2 protein chains.
Amino acid sequence: MTITAGESREAISSEELEVWRMLQRAQVRITRALEADLLVEHDLALASYDVLLQLSESPGRRLRMNDLADRVLLSRSGLTRLIDRLQRDGLVEREACTSDARGLFAVLTDGGAARLAEAAPTYLRGIRAQFLDVLDGDELRQCAAMLNKLFPDPCTGQDSC
Amino acid sequence: MTITAGESREAISSEELEVWRMLQRAQVRITRALEADLLVEHDLALASYDVLLQLSESPGRRLRMNDLADRVLLSRSGLTRLIDRLQRDGLVEREACTSDARGLFAVLTDGGAARLAEAAPTYLRGIRAQFLDVLDGDELRQCAAMLNKLFPDPCTGQDSC
DNA sequence: ACTGTGTAGATGCGCGTACAACGTTCTAAG
DNA sequence: CTTAGAACGTTGTACGCGCATCTACACAGT
């Protein structure tokens, strides 16, 4: 393997690989535990919870489908189906966009807000148990710093309408 | 919506929540980029790569289905189907366990090892680009320390036979 | 108004996964 | 030896996701 100036051409040590593997395992493990709790206690998938949460934090409890898809890390088609289900369950409604006939808002209903409020304690408890409680303040700060480098700032959402 | 819809012992600050969310986003992002590369360049899913890798690192290039399922973070049925596919493609073979007629080994074939060797550079390059290169040595050490707390003792695999 | 390019969502389809149930085999108690 | 229960792996089934595709609409240039 050729070595040029710059670190990116160096071989990867087994320690580095191990860090990566542990990261994967930890993330999957935490996410599954969290989702299982939500599913058992509130019959709510993690993706659904995220959608409800994003909507609840948005002005007017509404978001364009496109913007929402970006925030929830879901494909457009995936979001369409998920909103279908949430709408069927009465947690969300679709509303046309007056200034752009292509656009559609997903709007959180009162029922959806209530359901979110119900589930929030479970969610927060899970995060604390699986993640936050395990780390101290310094570690959390270090973690935040690393994440900022890993995930610069893609979410400059532009809302139209 | 406020954070404490229900009562937790200690409130979770929005910074903490934000760290968790970024962790989720970063992990999904990295994993998808990695999988996309593997798929495009070698027509190999990430889960398949992991199976091949685990087998290649195991004595005799073989592992019991159950042990393998644990290491790859897959359900038993999921692993059955995945091994079906890998076997169909000639990358893996099934072999009976002589001392336990219930048991089955998944065995890496020469073709599977070759395919793994082919794909490894892509995998390693992806990890470097998405993860390792972004962090410096200190950060990597901090990350390892945190992960050890989050995921105390992952792989205490006991091989039978 | 007309046409071409781009964007917003929805839909057909195939794939991969998990859950539950099943058959087979191992193990221990009687 | 017999039998109950656990463990291993596979199969039926349903579900969620993404890709490619489609329709409807927007906006610019002519």
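Chain identifiers are assigned alphabetically (A, B, ...) following the order of the sequence lines, protein sequences preceding nucleic acid strands; residue numbering begins at 1 within each chain. A quick note: this is a predicted structure, and the numbers were derived from the prediction, not measured. Side-chain atoms are counted along with the backbone in the values below, which use heavy atoms only and exclude waters and symmetry mates.
Taking atom CG of residue B:L39 and atom P of nucleotide D:dA20, one finds them 11 Å apart after rounding to whole Å. B:D70 has its CG atom 13 Å from the C1' atom of D:dG9, to the nearest Å. The separation between B:L74 atom CG and D:dT10 atom P is 13 Å, rounded to whole Å. Computed from coordinates, the B:E35 CD to C:dG16 C1' distance equals 10 Å when rounded to whole Å. Protein atom CG of B:L79 is 8 Å distant from nucleotide atom P of D:dT10, rounded to whole Å. A:L82 places its CG atom 15 Å from the P atom of C:dG9, with the value rounded to the nearest Å. Rounded to an integer number of Å, the gap from CE of B:M65 to C1' of D:dT10 is 9 Å. At whole-Å resolution of the value, CG in A:L104 and C1' in D:dC25 are 12 Å apart.
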Between the protein and nucleotides 23-28 of chain C, list the N/O to N/O atom pairs that are separated by less than 3.5 angstrom.
residue : atom : partner : partner atom : Å
C:dC26  : OP1  : B:A101  : N            : 3.0

Using the 3.5 Å cut-off, write out each protein N or O paired with an N or O of nucleotides 14-16 of chain D and the distance between them.
residue : atom : partner : partner atom : Å
D:dG16  : O5'  : A:R85   : NH1          : 3.4

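Ring geometry, B:F131 versus A:W20: the interplanar angle falls from 30° to 60°, so the pair is classed tilted.
Across all non-hydrogen atoms, the minimal contact from B:L150 to A:Q130 is CD2-O, 3.4 Å. The two residues A:R61 and A:A113 have their closest heavy-atom pair at NH2-CB, 3.2 Å. The minimum heavy-atom distance linking A:L38 with A:L44 is given by the pair CB-O, 3.2 Å. Minimum heavy-atom separation, A:A47 to A:V72: O-CG1, 4.2 Å. Across all their heavy atoms, A:G78 and A:R85 have their closest contact at O-NH2, 4.4 Å.
Side chain B:S77 to base C:dA18: a donor-acceptor pair is found below 3.5 Å. Residue side chain A:R81 reaches the base of D:dG18 through a donor-acceptor N/O pair under 3.5 Å, judged by distance alone.
Looking at the side chain of A:R94, the nearest of the listed nucleotides C:dA10, C:dA8, C:dC13 is C:dA10. Side chain of A:R64, nearest nucleotide from C:dT17, C:dG9, D:dG18: C:dG9.
Going from atom CD of B:E57 over to atom CG of B:L116 covers 8.5 Å, rounded to the nearest 0.5 Å.
For the helix from C:dA1-D:dT30 to C:dG30-D:dC1, the end axes, each set by the C1' atoms of five terminal pairs, are bent relative to each other by 10° (nearest 10°).
Between A:E41 and A:R125, at least one side-chain nitrogen of the basic residue sits less than 4.0 Å from a carboxylate oxygen of the acidic one, meeting the salt-bridge criterion. Contact check on B:D110 versus B:R115 returns no salt bridge, with no Lys/Arg side-chain nitrogen under 4.0 Å from an Asp/Glu carboxylate oxygen. Salt bridge annotation for A:R62-A:D67: absent, with no cationic side-chain nitrogen under 4.0 angstrom from a carboxylate oxygen.
In this structure, A:R76 reaches neither bases nor backbone, as no heavy-atom distance under 4.0 Å exists between it and the strands shown.
Within a 6.0 Å radius of CD in A:E93, no more than 12 heavy atoms belonging to other residues, nucleotides or ligands are found.
For the OP1/OP2 pair of C:dT7 and a distance below 4.0 Å, the side-chain nitrogens and oxygens of A:N66 include no atom meeting the criterion.
B:D133 places no side-chain N or O within donor-acceptor distance of the main-chain N or O of B:A129, the cut-off being under 3.5 Å.
Comparing A:A47 and B:G103, the nucleotide of DNA chain D nearest to each residue sits closer to the 5' end for B:G103.
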